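This report concerns only the one structure given below.
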Amino acid sequence: MKIYKAKDYADMSRKAANIISAQIIMKPECVLGLATGSTPVGLYKQLVEWYKKGDLDFSAVKTINLDEYKGLSQDNDQSYYYFMHDNLFNHVDINEENVHIPTVSNDHLEDDCKTYNDMLNKVTIDLQLLGIGGNGHIGFNEPGTDFNSKTHYVDLKESTIKDNARLFFNGDEDAVPKQAISMGIQNIMDAKSVVLIACGKNKEDAVKGMIEGPVTPELPASVLQNHKDVTVIIDKAAAALLEKEY
Ligand code: GLP
């Protein structure tokens with residue numbers, strides 16, 4: 001793992017955006033695995049800015065998102081479909097046919113998982129962007145998820161519902177869906193390279209476990225210690241519990 005400590009959120013976002021830009025420039029038809037959450041918002045903003053300046057071209061880029069909530073329509077502003085369009089896709093020249101986000105039909109979750117996984121089996125992700133949950137989840141792979149897992153549906157943990165409630169109407173936990181579809185840990189590990197970003201004190205335990213803890217399904221992000229090309233970019237608060245110097 002390469003670990004970079006960023007000065008602050010803006011610095012973390014710029015560093016990660018630089019790596020993603022380099023990927024797009026070196027391979028214009030690259031496959032990007034993309035993440036949602038509040039952490040990558042600044043990074044996407046930076047990519048849009050560079051696109052508008054003429055420095056980036058998304059016309060041949062393919063994207064594959066990690067996950068989606070069950071029960072939210074695409075026009076619901078809390079859905080990950082909406083998030084990705086609002087923060088990135090609507091502002092760049094990406095071809096909508098190249099965009100992949102899990103479709104969640106309320107009654108056929110198994111079929112939805114199979115469809116997404118069949119699509120994943122046909123491509124190799126060049127660069128997978130990740131955030132991390134306060135409990136160490138990646139995508140929506142909650143503690144206890146098998147490292148061999150492929151796209152699957154998930155009962156979200158109470159801690160995740162609590163954490164993510166801040167992004168819902170008035171922080172209302174009842175508004176947060178209780179299930180989601182997520183790429184599995186094996187799908188993530190199959191990516192050629194991984195960039196994980198984390199910021200804020202509420203990520204310090206998860207970051208410590210991911211980098212210095214044992215590799216265990218109890219802290220899903222720790223599996224990244226077994227990946228050969230991982231770059232972690234964290235701010236000072238998220239890095240606070242690390243014992244070694246990086
Ligand atoms: C959700 C997403 C994850 C994301 C996590 C952290 O649970 N499924 O992909 O990493 O939230 O979100 P935030 O960046 O808002 O802390």
Side-chain angles (χ1 to χ4, degrees), residues 33-41 65-72 76-84 101-107 109-110 112-113 116-117 128-189 194 196-227 232 234 237-238 240-241:
L34 296 180
T36 52
S38 50
T39 313
V41 169
N65 262 78
L66 281 167
D67 45 16
E68 179 61 284
Y69 284 117
K70 178 187 167 190
L72 301 185
N76 184 313
D77 62 4
Q78 301 299 326
S79 74
Y80 287 165
Y81 180 95
Y82 189 100
F83 174 98
M84 286 309 306
I101 300 172
T103 309
V104 190
S105 58
N106 291 334
D107 302 324
L109 294 185
E110 297 267 14
D112 296 337
C113 293
Y116 208 64
N117 211 65
Q128 176 66 55
L129 174 68
L130 295 175
I132 186 168
N135 63 9
H137 74 225
I138 44 177
F140 267 135
N141 293 289
E142 295 281 37
T145 307
D146 198 314
F147 284 167
N148 296 317
S149 56
K150 298 288 187 83
T151 309
H152 58 130
Y153 64 88
V154 181
D155 293 322
L156 299 175
K157 298 269 187 206
E158 208 44 55
S159 58
T160 298
I161 293 168
K162 271 206 173 71
D163 275 359
N164 289 0
R166 78 199 134 90
L167 303 168
F168 280 76
F169 333 98
N170 304 321
D172 179 7
E173 280 176 38
D174 291 336
V176 185
K178 308 294 176 278
Q179 279 190 312
I181 283 186
S182 180
M183 269 165 60
I185 291 181
Q186 186 62 57
N187 299 120
I188 293 171
M189 292 296 279
V194 174
L196 185 144
I197 52 176
C199 61
K201 188 173 166 47
N202 61 330
K203 301 292 169 70
E204 63 179 8
D205 289 311
V207 165
K208 160 94 177 137
M210 165 176 71
I211 297 173
E212 295 181 346
V215 175
T216 165
E218 290 318 308
L219 200 135
S222 65
V223 73
L224 297 173
Q225 291 178 33
N226 294 339
H227 193 289
V232 175
I234 41 179
L241 298 181

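All of these numbers come straight from a predicted model, not from anything done at the bench. Along the sequence shown, the residues carry numbers beginning at 1.
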field: Under 3.5 Å: donor-acceptor pair, side chain of Glu68, backbone of Ser79
entry: no

task: Please say which of Glu218, Lys157, Lys162, Glu142 ends up in a side-chain hydrogen bond (donor to acceptor under 3.5 Å, both in side chains) with Asn135.
output: Glu142

field: Step-by-step ring pair (Phe, Tyr, Trp, His ring centres under 6.0 Å) determination, Tyr153 to Phe140
entry: CA-CA 9 Å; Tyr153 64 88; Phe140 267 135; over 10 Å; no

message: With a 4.5 Å cut-off on side-chain heavy atoms, are Phe168 and Pro177 touching?
response: yes

Donor-acceptor under 3.5 Å (Asn202 side chain, Gly134 main chain): no

- prompt: If you look at every heavy atom in Val154 and Ser182, which pair is closest and at what distance?
  reply: CG2-CB, 4.1 Å

message: Which heavy atom of Val232 sits nearest to which heavy atom of Ile211, and what is that distance?
response: CG1-CD1, 4.3 Å

task: Would you please say whether a donor-acceptor pair under 3.5 Å links the side chains of Ser105 and Asp112?
output: yes

task: Only one of Asn148, Asn226, Ile138 passes side-chain contact (heavy atoms from CB on, under 4.5 Å) with Met189; say which it is.
output: Asn226

query: Hey, are Asn187 and Tyr116 close enough side-chain-wise for a donor-acceptor pair under 3.5 Å?
result: no

- request: Evaluate side-chain contact (heavy atoms from CB on, under 4.5 Å) for Leu66 paired with Gln128, printing each intermediate quantity in order.
  value: CA-CA 9 Å; Leu66 281 167; Gln128 176 66 55; 3.5 Å; yes

task: Quick one: do Leu224 and Leu130 satisfy side-chain contact (heavy atoms from CB on, under 4.5 Å)? Show the steps, please.
output: CA-CA 11 Å; Leu224 297 173; Leu130 295 175; 3.9 Å; yes

- request: Measure across Asp146 and Ser149 and return the closest heavy-atom pair with its distance rounded to 0.1 Å.
  value: O-OG, 2.8 Å

- request: Specify the closest pair of heavy atoms between Gly133 and Ala206, including all atoms of both residues, with the distance to one decimal.
  value: O-CB, 3.5 Å

- prompt: Does the side-chain contact (heavy atoms from CB on, under 4.5 Å) test come out yes or no for Asn76 and Tyr69, once each step is laid out?
  reply: CA-CA 11 Å; Asn76 184 313; Tyr69 284 117; over 6 Å; no

- prompt: Run the side-chain contact (heavy atoms from CB on, under 4.5 Å) check on Ile181 and Thr151 step by step: do they pass?
  reply: CA-CA 7 Å; Ile181 283 186; Thr151 309; 3.9 Å; yes

Closest contact, heavy atoms only, Glu212 versus Leu241: OE1-O, 4.2 Å

message: I'd like to know if the side chain of Ser222 and the backbone of Thr216 have a donor-acceptor N/O pair within less than 3.5 Å.
response: yes

query: Does the side chain of His152 come under 3.5 Å of the side chain of Asn141 through a donor N or O and an acceptor N or O?
result: yes

query: How many angstroms lie between atom OG1 of Thr160 and atom NE2 of His137, to the nearest 0.5 angstrom?
result: 4.5 Å

task: Evaluate the side-chain proximity of Pro220 to Pro143: yes if any heavy-atom separation is below 4.5 Å, no if none is.
output: yes

message: Using every non-hydrogen atom in the two residues, find where Lys203 and Thr39 come nearest and quote the distance to one decimal.
response: NZ-OG1, 3.9 Å

query: So, Asp67 side chain and Met183 main chain: donor-acceptor pair closer than 3.5 Å or not?
result: no

Rounded distance (nearest 0.5 Å) linking atom CG of Asn106 with atom CD of Gln179: 9.5 Å

query: Do Leu72 and Tyr80 come within less than 4.5 Å of each other through their side chains, counting heavy atoms only?
result: no

task: Could you check Ile161, Leu156, Asp155 and say which one makes a side-chain contact (heavy atoms from CB on, under 4.5 Å) with Lys178?
output: Ile161

